[in-house]
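Below is one structure, written out as structure tokens; comments come after it.
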Amino acid sequence: MGAIIDGKLWAAKTKENIRTQVEELKKRGLVPKLTVIQVGENPASTVYVNGKEKDCAECGFESEVLRLDAAVSEAELLAEIEKRNTDKAVNGLIVQLPLPKHIDENKVINAISPAKDVDGFTPVNVGHMTIGEECFLPCTPAGCIKLIETTGINIAGKQAVVIGRSNIVGKPAALLLLQKNATVTICHSKTQNLKEICMDADILVVAIGRANFITSDMIKPGAVVIDVGMNRNDQGKLCGDVDFAACKEVAGYITPVPGGVGLMTRAMLMENTLKALKIQHQL
Ligand code: NAP
């Protein structure tokens with residue numbers, strides 16, 4: 001049976017480390033501040049935004065949640081972003097996605113100052129990441145790498161397979177694995193022989209969005225399996241893209257859902273916000 005990668009434990013350790021650093025910064029009069037803009041009242045978004053507020057409190061950060069009506073105009077939203085871009089007290093700025101249909105998501109992401117883009121979604125940060133320069137890494141893929149590294153396994157030279165090619169998870173996860181010198185294969189809905197490709201993976205990162213899609217016969221014995229998926233099963237229970245109960249018998253290491261990537265993603269947002277403050281204050 002494989003070892004479970006405890007996202008709760010590693011996220012707590014990460015936040016504890018951040019909190020210690022924040023206590024030192026406070027002695028110099030500096031407190032990291034994250035602003036989150038939520039448009040409308042999508043229940044899932046509300047849960048995520050509340051979680052971010054809680055994380056900020058745990059890390060000793062200040063937080064501001066700006067809740068805008070679902071009918072807010074794109075221009076009004078852009079004006080609120082610009083206010084935070086120029087407010088020196090705000091270190092990190094994120095806009096909770098998805099946005100209502102009348103608002104152009106790309107335009108909104110583009111409006112966020114790259115220096116405050118702690119989600120790592122702006123084209124400037126994506127570009128820096130792609131060529132391996134210092135930047136804000138997107139939180140979920142960065143969290144996946146951290147969780148793989150907790151196993152002590154050296155990523156270099158391993159066969160890594162990423163299933164999913166979204167801009168926020170699959171593509172950046174593949175790039176980060178490549179930068180760690182893995183040999184990377186990216187799979188998607190048009191991939192043929194998915195099972196055979198998966199069976200070759202020393203490291204398997206799954207970001208599809210389909211409950212229990214990856215079965216134990218797709219896993220190479222001893223592999224590191226990172227499950228990014230967040231789905232509801234037939235009973236309405238939160239579950240991943242990987243059939244955890246069966247796959248943990250084959251994998252060497254595996255993340256659970258809940259208690260895996262999601263918590264580490266949240267901790268990475270806190271790391272990025274602290275990093276933003278340090279860069280803005282040239283520390
Ligand atoms: P997405 O934008 O919908 O992308 C899903 C990807 O899966 C696409 O690239 C799609 O391929 C691929 N795919 C769909 N069906 C497939 C199949 N049968 N075989 C192989 N590939 C298939 O989703 P996302 O935003 O990347 O999110 C993926 C999952 O992660 C969701 O469950 C989401 O809720 C979760 N998530 C979790 C966190 C976290 O913090 N834990 C953060 C973000 C997302 P095509 O490109 O060909 O369509």
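Position 1 is the first residue of the sequence, and the numbers go up from there. Both counts, for ligands and for their atoms, begin at 1 and track the order of listing.
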Relative to atom 31 (C) of ligand 1, which among G209, P258, G260, C144 owns the nearest non-hydrogen atom?
-> G209
Does N125 use its side chain to pair, donor to acceptor, with the backbone of P114 at less than 3.5 Å?
-> yes
Candidates G143, S166, G240, A173; heavy atom nearest atom 4 (O) of ligand 1 found on S166
Any T140 heavy atom less than 4.0 Å from ligand 1 | yes
To which protein heavy atom is atom 40 (O) of ligand 1 closest, and what is the distance rounded to 0.1 Å?
-> T265 OG1, 3.1 Å
Using a strict 4.0 Å cut-off to heavy atoms of I163, name the atoms of ligand 1 that fall inside it.
-> 20 (C), 21 (N)
Just jot down the ligand 1 atoms closer than 4.0 angstrom to any heavy atom of G164, in number order.
-> 6 (C), 7 (O), 9 (O)
How does I208 reach ligand 1, by side chain, by backbone, by both or by neither, if only non-hydrogen atoms under 4.0 Å count?
-> both
Nearest-neighbour protein heavy atom for atom 48 (O) of ligand 1, which is reported as residue plus atom name and distance = S189 OG, 3.6 Å
Numbered in order shown, the ligand 1 atoms found under 4.0 Å of a heavy atom of F213 are 17 (C), 18 (N), 19 (N)
Would you call K27 and E23 a salt bridge, using N to O less than 4.0 angstrom?
-> no
Find out whether L283 and L25 are in side-chain contact, i.e. whether some heavy atom of one side chain is under 4.5 Å from a heavy atom of the other.
-> yes
Counting from 1 in the order shown, the ligand 1 atoms closer than 4.0 Å to a non-hydrogen atom of R210 are 18 (N)
Residue A207 vicinity, atoms of ligand 1 by number, heavy atom under 4.0 Å | 5 (C), 6 (C), 7 (O), 28 (C)
Select the closest option to atom 43 (C) of ligand 1 among N231, V169, D227, I214, judged by heavy-atom distance.
-> V169
Sole candidate of K278, Q280, K33 that passes side chain to side chain donor-acceptor pair (under 3.5 Å) when paired with N91 | Q280
Could you list which atoms of ligand 1 come closer than 4.0 Å to a heavy atom of G262?
-> 40 (O), 41 (N)
Nearest to atom 20 (C) of ligand 1, what protein heavy atom do you find, and at what distance?
-> H188 O, 3.2 Å
Worked verdict on C239 versus V257 for side chain to side chain contact (heavy atoms under 4.5 Å, CB included) | CA-CA 5 Å; C239 70; V257 179; 5.5 Å; no
Is the shortest side-chain N to carboxylate O distance from K83 to E80 below 4.0 Å?
-> yes
Result of checking E62, E64, M270 against L34 for side-chain contact (heavy atoms from CB on, under 4.5 Å) | M270
